[in-house]
Amino acid sequence: MNTSGGWKEILFNNRDPVYLQVVRHFKERIATGQLLPGQVIPSRRELGGLMKINPNTVQKAYKEMEEQRLIITEGNSPSKVTNDTELLNQIRSELLGEAVHAFVASVRKIDVPIDELLLLVKRTYEEAPEA
Amino acid sequence: MNRYLKLVHMEVHRFRWVLAALMAITAICQISALIVTVLTELSRREERLSQNIGNSSAPVPAKDPLTFEWVMMITQQWFSLPILLSIAVLGLYAFIIWYRDWIGRSTFIYRLLMLPAARSNIYFAKITAFLLFVFGLVSFQLVLLPIEQLIFKLVLPADLRADSHIVEVISINQALAMLIPRGFEQFLYSYGLGTIAILTIFTAVLLERSYRRLGILYGLLYLGACGLAVVFPILFLGVGTPGSSFFPEEIFVIVLVMCALVSCVSVWLGMRLLAGKITV
Amino acid sequence: MIEVQDIRKRYRRRDVLNGVSFNADKGEITCLIGVNGAGKSTILKAVMGLTPIAGGSIRIDGQAPGPKLYERIAFVPDRLTMPTGMKLAEALRFMEDFYESWNSERASELMRFFGLSYSDRVGSLSKGTAAKFNLLLGLGQDSDYLLMDEPFSGIDLFSREAIMEVFTSELIEGRGVLFTTHEIGEIEHLIDKAVLLQDGKVSRAFDCEEMRSGEGKSVIDVMREVYRA
C-alpha cells in the first residue's frame, strides 16, 4: 500500500498528547512534500496499527486535523489531504516559525552578534548534505 | 438442559482413560485369575490321575465336576481386588473431580464459572458424571460375569464342569454381592446412601474452595454433622436402646427423612456456594 | 460502563481492597496499574464474579455480575482456562458450544494470525503461545467488554508484539477494555485511561491524553509521583 510507507518511524515522546504528536507528524509530512495535496491518507484503523497507538487516539488526531481543515473527509470515502494552498503554505510557515523560534531560543543564551550568526547559519546550511 | 448435557459429556470425556483403565484392569485380573485357576486344577487332576493316588485332603474330589461357583470361591481375592481398586479410585475422584479444575497449570474452573449458564449446571454435571462412572463400572462387571462364565466353559471340557446360576455366583463373592445386591430395595439403599455421601463430599469440597483454610474446618464439620444426622436416629432412638419409644418402622422413616434432608441441604448449599461464595 | 464502587476484600488478615472505586467506559482502554500484590487481579476476578467481595458494588451497564453477562463480558486471565488434555480445536469447539456470542470466523482468523495449531494440546503450549491462545479465547467472543490480567508480562518479545498489535486493531474497536499491568513502559501509547492502585485504594485515575495536555506529564511521571512518594 502506497500510503503506508514511512509511518512506522515516528517516535513519540510521553509528555505531549499523542494525538497532537500525530497531527504534527502529518504537518511535517505535508510541509516536506511526503504527503501531497489531495493525497489519500491511511484509514484510522490502518494508522493505528502502523503507529502502534490505539484507535481512539487516531480518531482524536483525525478529528483535530479535520477541525484544522488539514484533511477532508467526505461521506464514507477515505480522508484526503486538503488542496487549500493557502492552508498548506500556512503549515509550512508554522513549522518553520517553530523551528526558528527554538533555534533562536537556544542560541540566544550564547551571546553572539547577529551577523556572525547569520553567516554561520548560511555556511552550515550550504555545507550540510541534503536530507 | 443442553449445556448441562454438554458439561456431563465433558466430564465423562475427561475421565474416559481412567475409566477404561479400571475396566481393563478388572477384566484382565478376573479373567486371568479364572483361567489360571482352572488350568492349575486341571493339571493337578491329571497329575493325580497319572500317579493314581487318591488324596483325601483335596478340596474337590477328582471325579467331581468343576463349577463356576467353585472358581469364584477360589479366586475371591483376584475378583475383589479390581473392584476395591475401582472403589478407591472413585472415592478419590469425588474430590479430584473438583480439585483438578483449580490445581495444576490449567485452571478450568475460570472457564466453568464464566459460562453463560446457571452455575448449578456445573454441580449437577459433576454428580451426574460421577454416578455414570459408578454405574458404568458396575454394569461393566455385570457384563463381564457372563463373559467369564463363557470363558470358563471354553477352557474346561464339558464332562468336567457343572452349570451354575449367575445369581449364586454373585452371592459367593462378598465384594460382588455388595456391588450387585439381590433385591431392588437393597440396591436403592446402598446406592442411595452412596449418592448422598458423594453430595455431602461435594458440598464439603465447595466449602473448602470458598473459605479455604477456614473452609477445611467447615467442610469437616459439615461432613460430621451430616454423618451424625443420618446415624443419630439408629444410635440413640434405635431398636434395643433402653427406653426407646419408637418402633423400628418409625426409626426407619426418621432415617429416610434425615437422608432426604441431608441431600437437600447439600445440594442447596452447594448451589449457594457456587453462585456467590466460590473463589478461583 | 463498568462501575466499581467502593469494593472491599480481605485476604489472610490483610485488606487487599480497601474501598476501590473507578469506571471503565465502553470504547476505551482502561489500565489498572499497581505493584504486584496490589489487588489488580482480584478486582478483575470480582468484576467477573469469580471471587466474592466483602463490600461495595459492581455494575456492568447497570447489571450485577452473573451468568447472563458472560456473553457480553470476556475475561482473559493470566493462566490457561481449558483442560490441558484438550486439543486447541476441541477448546474452540467448547467455546462455540457454550457461547452464543462466539465468533468462529474471527477465532480461525486469530488462530492464523497468532500461528497456533489446531492439533496442539492446551497443556503443550509455551508461555507465549498460551498467552496468545488465552487472548484468542477472549477476543473470539463478540463481547462488549474485555478484561485482561497482565496480558504483557512474562512472555517473549514476539508474543508481546503480536498482542500489542491486537490492541491497535479493529479487534478491540468499540469494546471496553480493562486490563492490569505492573509496568507501563512500551504500552504508554496504547491506553486511554489509567487507574493507579496503592494500598488497596485508587490513588489516581485519569485520562492519559488530558494528563499530557493539562499537566505535561506522562503516565510514568504520574506513577513516579504516586509510588515514589
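Quick note on labels: first sequence line is chain A, next is B, and so on, each numbered from 1. As the structure is a prediction and not an experimental result, all values here were calculated from the model. Values below: all heavy atoms of this structure, side chains included; hydrogens, waters and symmetry mates excluded.
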Practice prompt. State, to 0.1 Å, how close A/K52 and C/H189 come at their nearest heavy-atom pair, and which atoms those are.
Written response: O-CB, 4.4 Å
Discussion item. Closer than 4.0 angstrom, basic N to acidic O: yes or no for C/E209 and A/K60?
Written reply: no
Discussion item. Quick check: closest heavy atoms across A/G48 and C/T168, and the distance to 0.1 Å?
Written reply: O-CB, 3.4 Å
Fill in: Closest non-hydrogen atom pair between A/P55 and C/E173, with its separation
CB-OE2, 3.7 Å
Item to complete: Please check if the side chain of A/N56 supplies one atom and the backbone of C/G27 the other of a donor-acceptor pair under 3.5 Å.
Response: yes
Worksheet item: Using non-hydrogen atoms only, which part of C/E28 is less than 4.5 Å away from chain A: side chain, backbone, both, or neither?
Response: both
Worksheet item: Given that the side chain runs from C-beta out, which part of C/S169 has a heavy atom under 4.5 Å from chain A: side chain, backbone, both or neither?
Response: backbone
Discussion item. Quick check: do C/E170 and A/R45 have side-chain heavy atoms less than 4.5 Å from each other?
Written reply: yes
Worksheet item: For A/N14, does its backbone N or O pair with a side-chain atom of C/R212 as donor and acceptor, under 3.5 Å?
Response: yes
Worksheet, complete the sentence: Note: vs chain A, highest number of non-hydrogen pairs under 4.5 angstrom among C/G174, C/C208, C/S218 is C/S218
Discussion item. Surrounding CD of A/E74 (heavy atoms of other residues, nucleotides or ligands, distance under 6.0 Å), is the total greater than 12?
Written reply: no
Worksheet entry | Close side-chain approach of A/N54 and C/D192, heavy atoms under 4.5 Å | yes
Worksheet entry | Atom group of C/I187 that falls short of 4.5 Å from chain A, counting heavy atoms | neither
Worksheet entry | CZ (A/R92) with more than 12 external heavy atoms under 6.0 Å | no
Discussion item. Would you say NZ of C/K217 has more than 12 non-hydrogen atoms from neighbouring residues, nucleotides or ligands within 6.0 angstrom?
Written reply: yes
